[in-house]
Amino acid sequence: MLLRTTDPFRDFDRLTQQLLGTTSRPAVMPMDAWREGDRFVIEFDLPGVSTETIDLDVERNVLTVRAERVARNGDWEMLATERPRGAFSRQLVLGDNLDLDRIEASYDAGVLRLVVPVAEKAKPRKIQISGVGDHETVQGSTQREAIEA
């Protein structure tokens, strides 16, 4: 059996939150980010958001994601509302080691997925080491010839 106790202060807080929109739920887009080899993947949860309302911008190294969940129109009575409505935005500062000109974006099942490749200049690379005695000269002859003489 489910019992419900009445707490007038809790009920007043709920009413205030509904009327003024001051709920404790986050107004930002939840996200996950990780690295897969030579690329970074960022996923934003945007359930119920139409692709047409999603906007992505990159300025310098700041990625801005904007989206809007439109409120339903009609002659009906809302019984519960826990999902935030309206416009949302989130900004991420991306490092200089990422190639911001080649960001790929896709949207499927309410998840916006961004793939950001690592810039070529930031990828690990081997550096060839040459022998010191092979290239230095001492008064017109190589160092090896000077030692043998």
Side-chain angles (χ1 to χ4, degrees), residues 1-138 142-143:
M1 174 183 235
L2 179 64
L3 296 175
R4 180 178 173 164
T5 59
T6 304
D7 180 358
F9 294 109
R10 185 176 59 191
D11 292 339
F12 181 72
D13 285 343
R14 285 184 188 163
L15 178 63
T16 303
Q17 289 173 356
Q18 288 178 354
L19 293 175
L20 300 178
T22 59
T23 60
S24 60
R25 63 181 177 248
V28 296
M29 307 164 212
M31 80 162 201
D32 291 330
W34 65 92
R35 183 171 180 162
E36 288 180 1
D38 288 342
R39 63 189 194 153
F40 282 87
V41 180
I42 308 165
E43 289 185 343
F44 296 92
D45 285 346
L46 296 171
V49 172
S50 172
T51 309
E52 293 81 30
T53 67
I54 299 174
D55 185 41
L56 299 171
D57 290 318
V58 176
E59 184 176 339
R60 296 186 185 172
N61 63 336
V62 177
L63 171 71
T64 303
V65 180
R66 291 183 192 87
E68 184 175 1
R69 183 177 297 118
V70 182
R72 298 176 187 246
N73 294 325
D75 184 24
W76 46 272
E77 177 185 355
M78 180 65 77
L79 300 176
T81 177
E82 294 180 353
R83 299 185 326 163
R85 308 258 188 287
F88 308 95
S89 70
R90 184 150 187 188
Q91 290 186 322
L92 299 175
V93 177
L94 302 176
D96 294 332
N97 61 340
L98 299 177
D99 189 350
L100 303 181
D101 293 329
R102 297 189 317 148
I103 295 176
E104 297 174 10
S106 61
Y107 184 67
D108 184 41
V111 177
L112 174 64
R113 182 183 180 115
L114 305 177
V115 177
V116 187
V118 173
E120 289 297 321
K121 66 181 181 180
K123 291 182 181 177
R125 59 193 176 278
K126 292 282 187 185
I127 298 173
Q128 186 65 34
I129 300 173
S130 61
V132 177
D134 296 341
H135 298 291
E136 294 183 19
T137 59
V138 177
T142 65
Q143 204 173 31

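Worth saying up front: this structure is predicted, and the values here are computed from it rather than measured.
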Inset, instruction - May I have the step-by-step check of side-chain contact (heavy atoms from CB on, under 4.5 Å) for L112 and M29, ending in yes or no? - result: CA-CA 10 Å; L112 174 64; M29 307 164 212; over 6 Å; no

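- No more than 12 heavy atoms of other residues, nucleotides or ligands shown are found within 6.0 angstrom of CZ on R125.
- The closest side-chain heavy-atom distance from F44 to I54 is not below 4.5 Å.
- Smallest separation of non-hydrogen atoms from L63 and L114: CD2-CD1, 3.5 Å.
- The two residues R85 and V70 have their closest heavy-atom pair at CD-O, 4.1 Å.
- Taking CD of E43 as the start and CG of D108 as the end, the distance is 10.0 Å to the nearest 0.5 Å.
- Between D57 and R66, the closest heavy-atom pair is OD2-NH1, 2.8 Å.
- Dense packing is recorded around CD of E36, with more than 12 heavy atoms of other residues, nucleotides or ligands lying under 6.0 Å away.
- Between the side chain of Y107 and the backbone N or O of L46 there is at least one donor-acceptor pair closer than 3.5 Å.
- Remark: T64 OG1 to R90 CZ distance equals 12.0 Å, nearest 0.5 Å.
- Residues P117 and E104 have side chains not in contact (no heavy-atom distance under 4.5 Å, counting atoms from C-beta outward).
- Remark: side-chain polar atoms of R69 are paired, donor with acceptor, to backbone N or O of P47 under 3.5 angstrom.
- Within the 4.5 Å cutoff, no side-chain heavy atoms of V115 are placed close to those of I103.
- Distance CD/E120 to CG/D38: 8.0 Å, rounded to 0.5 Å.
- Proximity of a side-chain donor or acceptor of N61 to a complementary backbone N or O of L94 within less than 3.5 Å is detected.
- Remark: D32 engages no residue in a salt bridge (charged side-chain N to carboxylate O under 4.0 Å, His left out) (not counting sequence neighbours).
- Within the 4.5 Å cutoff, the side chain of V65 has no heavy atoms near those of the F88 side chain.
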